[in-house]
Each structure stands twice: as C-alpha cells, then as structure tokens.
Amino acid sequence: KRGYSNRSEAIRDLIRDLLVHQEWKSNDVVAGVITILYEHHHRDLVPKLLRLQHQYQTLISSSLHIHQDEHNCLEVITVRGNARHIQQFANLLKATKGVKHAVLTAASLGKKIK
C-alpha cells in the first residue's frame, strides 16, 4: 500500500524510524521540523510567537511563513539541537493561545542511520 518494492525495504524503513526515535529518547543532538497553524489576528499571538522564536533562536535553522488566507498562517520551523530543548520549544509553541494546530516531526542528523 505504501509503494515499497519489497518487504525488506519496508522493514528497513521501520528500523530507521526506530533509530530516529532512539536518538530523540537518548537526548542526542537531532533535527526536526515544527509546523504551526494559527490565526494571525488573534490578540498578541504574533509577538508571543516571535518572542519564543528569539528565546530559542539557537535551535532554529530556518523558518518559512506562509499566508494561507486572510486569517490563517502556516509556519514551518526547522530545528537542530538537543532533543529535550527542541521538544520544550515545540510544546511552548503548541500551548500558545491562538495556535490552532502544531506538530513536531522528529528527524535525525543521519550520523547513526545507514
């Protein structure tokens, strides 16, 4: 269903996911993407999000701001650093009043994955 050419490829992909999960669990230096959707007219939301991003600027590699429509914005923030700090940053963004949806996608620097 997912388009793998054989079971070995599917198993290899599952193992890689497990290795990434272990990197995050052991609090290694990792990479990831935080995606947030919010209504930019929400009172004081944009300044709060900017303050958080400046507070955690050492984790941020880049960010992309997309105007979805006249009310909603999607922000994609790529991060690299200590797994616990990235999770803390993502949790603060998620908990910010006015954020409609937020998700942290865990990734790896690739050093432990072959």
Side-chain angles (χ1 to χ4, degrees):
K1 289 181 180 180
R2 292 190 178 177
Y4 293 106
S5 58
N6 57 52
R7 276 185 287 185
S8 295
E9 289 299 320
I11 292 169
R12 187 181 345 251
D13 201 32
L14 289 170
I15 291 169
R16 288 178 180 146
D17 283 346
L18 179 62
L19 291 172
V20 169
H21 179 74
Q22 286 176 338
E23 284 181 44
W24 277 77
K25 218 173 170 186
S26 65
N27 202 32
D28 284 347
V29 174
V30 295
V33 178
I34 303 169
T35 307
I36 58 174
L37 174 69
Y38 60 91
E39 185 174 349
H40 69 92
H41 293 299
H42 193 279
R43 185 173 173 215
D44 297 325
L45 177 60
V46 173
K48 287 178 187 175
L49 294 175
L50 287 175
R51 273 194 300 278
L52 281 172
Q53 289 184 41
H54 282 277
Q55 184 179 343
Y56 286 89
Q57 68 181 344
T58 58
L59 299 176
I60 298 173
S61 301
S62 68
S63 64
L64 174 65
H65 182 92
I66 304 160
H67 301 279
Q68 297 294 83
D69 56 34
E70 62 274 3
H71 303 288
N72 295 291
C73 292
L74 180 72
E75 202 150 334
V76 179
I77 306 165
T78 60
V79 289
R80 176 183 177 155
N82 176 276
R84 189 174 298 120
H85 294 153
I86 292 172
Q87 186 66 62
Q88 181 181 35
F89 177 42
N91 289 344
L92 288 169
L93 290 169
K94 287 179 187 182
T96 303
K97 191 172 183 176
V99 172
K100 292 181 172 186
H101 178 71
V103 64
L104 169 61
T105 304
S108 171
L109 298 180
K111 296 176 183 178
K112 297 181 180 179
I113 298 175
K114 304 221 183 245

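Using a 4.5 Å heavy-atom threshold, the side chains of T96 and I36 count as separate. Side-chain atoms of Y56 and V79, non-hydrogen and from C-beta on, never get closer than 4.5 Å to each other.
Residues L64 and L74 fall within the same hydrophobic cluster, defined by Ile, Leu, Val, Met, Phe, Trp and Tyr side chains chained together at heavy-atom separations under 4.5 Å. A chain of hydrophobic side-chain contacts below 4.5 Å, direct or via other Ile, Leu, Val, Met, Phe, Trp or Tyr residues, connects L59 to L50. A chain of hydrophobic side-chain contacts below 4.5 Å, direct or via other Ile, Leu, Val, Met, Phe, Trp or Tyr residues, connects L37 to V76. Note on L93 and V46: same hydrophobic cluster, where clusters join Ile, Leu, Val, Met, Phe, Trp and Tyr whose side-chain heavy atoms are under 4.5 Å apart, directly or indirectly. Hydrophobic clustering (ILVMFWY, side-chain heavy atoms < 4.5 Å, transitive): V29 and L19 are in distinct clusters.
Interatomic distance, I86 CD1 to I77 CD1, rounded to the nearest 0.5 Å: 11.5 Å. In this structure, the separation between CD on E75 and NE2 on H40 is 12.0 Å, given to the nearest 0.5 Å. From Q57, atom CD reaches atom NE2 of H54 across 7.0 Å, with rounding to the nearest 0.5 Å. Rounding to the nearest 0.5 angstrom, the gap separating the CG atom in D17 from the CG atom in D13 is 5.0 Å. One finds the CG atom of L49 at 11.0 Å from the CG atom of D44 (value rounded to the nearest 0.5 Å). Note that the NZ atom of K111 and the CD atom of E23 stand 9.5 Å from one another [nearest 0.5 Å].
Of all non-hydrogen atoms in W24 and A83, the two that sit nearest each other are O-CB, 3.5 Å. For the pair L104 and Q87, the tightest heavy-atom approach, listed with the atom from each and the gap, is CD2-OE1, 3.4 Å. Contact detail for L52 and F89: the closest heavy-atom pair is O-CE1, 3.7 Å. Contact detail for L45 and K97: the closest heavy-atom pair is CD1-O, 3.3 Å. Of all the heavy atoms in V99 and K94, the pair that sits closest is CB-O, 4.3 Å. Between V20 and S108, the shortest heavy-atom distance links the atoms CG2-CB, 3.7 Å.
Using the six-membered ring where Trp is involved, H71 and H41 have ring planes that are perpendicular, over 60° apart on the 30 and 60° scheme.
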